[in-house]
Chemist: 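The structure follows.
Numbers here simply count residues along the sequence, with the first being 1. For clarity, every value in this text was computed on a predicted model and none was experimentally measured.
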Amino acid sequence: MEHMPQKQTFNPAFIPKVDFFLNLAGINGISVNAYNSGFNYSELDDFLGQLNKPGYNPDEFIGSIGESNRFKSEAWANIFGFGFKINDISFFSAHISSNHTLNINAESDIVYLLTDYNDIDEVKFPVVVDGVDLMMNTYMNIGVNYSRKLNENLTIGISPNINYYFAGVKAKNLSYVVDIESEGEYDYNKYTETFSGEAVLGLPVQINPNAISGGELDLEQDILPVNWEEELRISDLFKNGNFSVNLGATYQLNKWDFSASILNLGTSGWKRNAYRLVGNNDVIRVYEEKVKIGIPPKIYLGASRQFSPRWNYGVVLENTFFPGKPMAAATLSMNGAVGRMLSTSFSYTAGYKFDNIGLGFRLRFFPGMDLFFVTDNVIQAFNYKKAYRISGAVGINFAVGIKNYLNPTGEKSLESSEN
């Protein structure tokens, strides 16, 4: 779908085939992506419902998850953006967006922590979940993008950005243990929950002073001050800013187009409202210091071939470098236009699970206005309870200057000016 400005999010070298576009808050782009490796909602619901029934063996479900379970989520929302063609060989754009990323790795026994402990057979205790790795970051991204054709074949792009961090946490090798303490009233047990490890924390405001005593964290107190949202000022959103850059290139060879990009290169430090927490459920020491909570770098490699004036097929390889455990995926797609008003994409993605059939469309429903929707997993639309992955992007683009353009064979393709 050549006309979508959102392509620059994945490769700053892509030049949208429009003269000008405008993105406004909310309506011009929202994207979500969530994935759980070991089980879907339906399987978890069955596990929770069967757990306290006589004869049910939870080890079969735990074993089906594997040694560990992984949960990943990403979200993006446009706040403002615009772009325009400088001349026939260069394009400039600017953007402001809100972003969120979360990644959790843990031993498969973590599903026990989602249950009512009284439903677990006593012989299963203690429940021990070791090796919990967690990284979460919520931030605002402000940046510009410049792409330029160097010659008939090669186009390069660069997107320098400043990321202003709002909230984040990073932890590695946390341990969480649940055990029976004693038998309580009405045949209900009492349980102890213990944890240990180290984590770094970035907050939008200073930590609740009532939660700190002698450098130790009081777990009975909220970690954020009461009514902290009311005290939050606009300037507080810009206290922790760091620089990053996205780089990209495309190369055209006969009927083939090749692309490569690397995203989120840069620093990711918190200077204010940043803390390191070390200890266990008995004592947690709090140290106020600079911390690093990263944004995972990404690499995209792609190739596509124009096999007709209106259609092409292609492949995109993606690798996201989460700490300690990168996540790779590959997408095959067929893309093109159906008439002058509709662009479409059909895809298959491997690397998460193997049932990720995708669909996308861009519909010009009014002059200068394009509605778009893209998902990598159509199954979620019919039965979300059985989906391991949920993904989607939706919005409305305001774009003018969509022109005829030539494919690598020299034939005119896609649509004419519709302004």
Side-chain angles (χ1 to χ4, degrees), residues 71-73 98-107 110 113-114 126-140 162-179 181 190-244 266-296 322-325:
F71 177 79
K72 179 189 83 116
S73 67
S98 174
N99 301 265
H100 169 81
T101 179
L102 171 65
N103 185 65
I104 303 174
N105 292 320
E107 292 183 351
I110 194 173
L113 305 185
L114 306 177
V127 175
V128 180
V129 182
D130 288 326
V132 180
D133 295 341
L134 165 67
M135 187 181 74
M136 184 275 287
N137 218 330
T138 301
Y139 61 98
M140 179 171 61
I162 299 179
N163 302 306
Y164 292 102
Y165 302 109
F166 181 75
V169 60
K170 183 178 180 181
K172 187 174 180 61
N173 291 325
L174 294 181
S175 176
Y176 201 96
V177 180
V178 180
D179 204 357
E181 180 181 32
K190 293 182 179 179
Y191 302 91
T192 59
E193 298 177 273
T194 59
F195 55 87
S196 61
E198 178 176 342
V200 296
L201 189 66
L203 300 176
V205 295
Q206 286 190 335
I207 201 168
N208 182 6
N210 296 324
I212 305 295
S213 177
E216 297 180 2
L217 183 66
D218 183 356
L219 296 178
E220 300 297 324
Q221 298 286 336
D222 293 332
I223 199 165
L224 292 175
V226 178
N227 300 324
W228 66 270
E229 305 97 326
E230 299 177 3
E231 302 296 327
L232 190 66
R233 298 168 299 179
I234 295 296
S235 60
D236 292 331
L237 302 177
F238 301 94
K239 286 184 176 180
N240 292 288
N242 293 106
F243 177 80
S244 67
T267 58
S268 57
W270 288 68
K271 299 177 182 178
R272 300 184 180 180
N273 306 330
Y275 307 90
R276 182 168 60 94
L277 283 59
V278 183
N280 52 45
N281 53 295
D282 294 324
V283 177
I284 298 179
R285 301 291 302 178
V286 180
Y287 304 93
E288 187 169 4
E289 58 185 52
K290 296 179 182 179
V291 302
K292 291 184 178 181
I293 304 172
I295 304 172
F322 291 104
K325 193 175 183 181

Chemist: Report, one line per pair, each donor and acceptor closer than 3.5 Å where one atom sits in a side chain of residues 212-231; sequence neighbours left out.
Modeler:
residue, atom, partner, partner atom, Å
Glu216, OE2, Arg285, NH1, 3.4
Asp218, OD1, Glu220, N, 3.0

Chemist: Applying ring pair (Phe, Tyr, Trp, His ring centres under 6.0 Å), can you list everything that pairs with Phe238, at least two apart in sequence or on another chain?
Modeler: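 By the ring pair (Phe, Tyr, Trp, His ring centres under 6.0 Å) rule, Phe238 matches Tyr164.
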
Chemist: Would you list the pairs meeting salt bridge (charged side-chain N to carboxylate O under 4.0 Å, His left out) in which at least one residue belongs to residues 195-214, sequence neighbours left out?
Modeler: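 Salt bridge (charged side-chain N to carboxylate O under 4.0 Å, His left out) check on residues 195-214 returns Glu198-Arg276.
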
Chemist: Just to verify, which of Val169, Val291, Asn273 counts as forming a side-chain contact (heavy atoms from CB on, under 4.5 Å) with Leu201?
Modeler: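 Single side-chain contact (heavy atoms from CB on, under 4.5 Å) partner of Leu201 among Val169, Val291, Asn273: Val169.
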
Chemist: Who pairs with Thr101 by side chain to side chain donor-acceptor pair (under 3.5 Å), at least two apart in sequence or on another chain?
Modeler: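 For Thr101 there are no side chain to side chain donor-acceptor pair (under 3.5 Å) partners, ignoring immediate neighbours.
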
Chemist: Test of understanding: with side-chain contact (heavy atoms from CB on, under 4.5 Å), list the residues that count as partners of Leu102, not counting sequence neighbours.
Modeler: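 For Leu102, the residues satisfying side-chain contact (heavy atoms from CB on, under 4.5 Å) (neighbours in sequence not counted) are Phe71, Ser73, His100, Ile104, Leu134, Met136.
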
Chemist: With sequence neighbours left out, what residues match Asn99 under side chain to side chain donor-acceptor pair (under 3.5 Å)?
Modeler: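 Here the qualifying residues are Ser97.
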
Chemist: Would Phe166 and Leu232 satisfy side chain to side chain contact (heavy atoms under 4.5 Å, CB included), going step by step from the backbone distance to the final call?
Modeler: CA-CA 11 Å; Phe166 181 75; Leu232 190 66; 3.8 Å; yes

Chemist: Name all pairs fulfilling the salt bridge (charged side-chain N to carboxylate O under 4.0 Å, His left out) condition that reach into residues 203-215, sequence neighbours left out, sorted by first residue then second.
Modeler: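 Qualifying pairs, neighbours excluded: none.
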
Chemist: Name all residues meeting the side-chain contact (heavy atoms from CB on, under 4.5 Å) criterion together with Glu288; count only those two or more places apart in sequence or in a different chain, and write none if there are none.
Modeler: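 In terms of side-chain contact (heavy atoms from CB on, under 4.5 Å), with neighbours along the sequence ignored, Glu288 is linked to Tyr275.
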
Chemist: Kindly give the heavy-atom pair with the smallest separation between Ile293 and Gly202, and that separation in Å.
Modeler: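 Result for this residue pair: CD1-N, 3.9 Å.
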
Chemist: Could I get the full list of side chain to side chain donor-acceptor pair (under 3.5 Å) partners for Tyr176, not counting sequence neighbours?
Modeler: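 Listed in chain order: Glu193.
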
Chemist: Taking only residues two or more places apart in sequence or in another chain, which ones pass salt bridge (Lys or Arg N to Asp or Glu O under 4.0 Å) with Lys170?
Modeler: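 Lys170: no salt bridge (Lys or Arg N to Asp or Glu O under 4.0 Å) contacts found.
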
Chemist: Taking atom CG of Asn105 and atom NZ of Lys72, what is their separation to the nearest 0.5 Å?
Modeler: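 Between atom CG of Asn105 and atom NZ of Lys72 there are 12.0 Å.
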
Chemist: Can you find a pair of side-chain heavy atoms, one from Tyr165 and one from Ile295, that are under 4.5 Å apart?
Modeler: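 A side-chain contact exists here, since the closest heavy-atom pair is under 4.5 Å.
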
Chemist: Taking side chain to side chain donor-acceptor pair (under 3.5 Å) as the test, write out the residues that go with Asn137, two or more places apart.
Modeler: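 For Asn137, no residue satisfies side chain to side chain donor-acceptor pair (under 3.5 Å) once neighbours in sequence are set aside.
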
Chemist: The criterion is side-chain contact (heavy atoms from CB on, under 4.5 Å); which residues satisfy it with Val177, sequence neighbours excluded?
Modeler: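 Val177: side-chain contact (heavy atoms from CB on, under 4.5 Å) contacts with Pro126, Val128, Ser175, Thr194.
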
Chemist: Report the C-alpha separation of Asn173 and Asp133 in whole Å, then their side-chain angles, then the decisive distance to 0.1 Å, and conclude whether the side chain to side chain contact (heavy atoms under 4.5 Å, CB included) test is met.
Modeler: CA-CA 6 Å; Asn173 291 325; Asp133 295 341; 4.0 Å; yes

Chemist: Is it the case that the side chain of Asn240 and the backbone of Arg272 share a donor-acceptor pair, with hydrogens and angles ignored and the cut-off at 3.5 Å?
Modeler: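 Between the backbone of Arg272 and the side chain of Asn240 there is a qualifying donor-acceptor contact (under 3.5 Å).
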
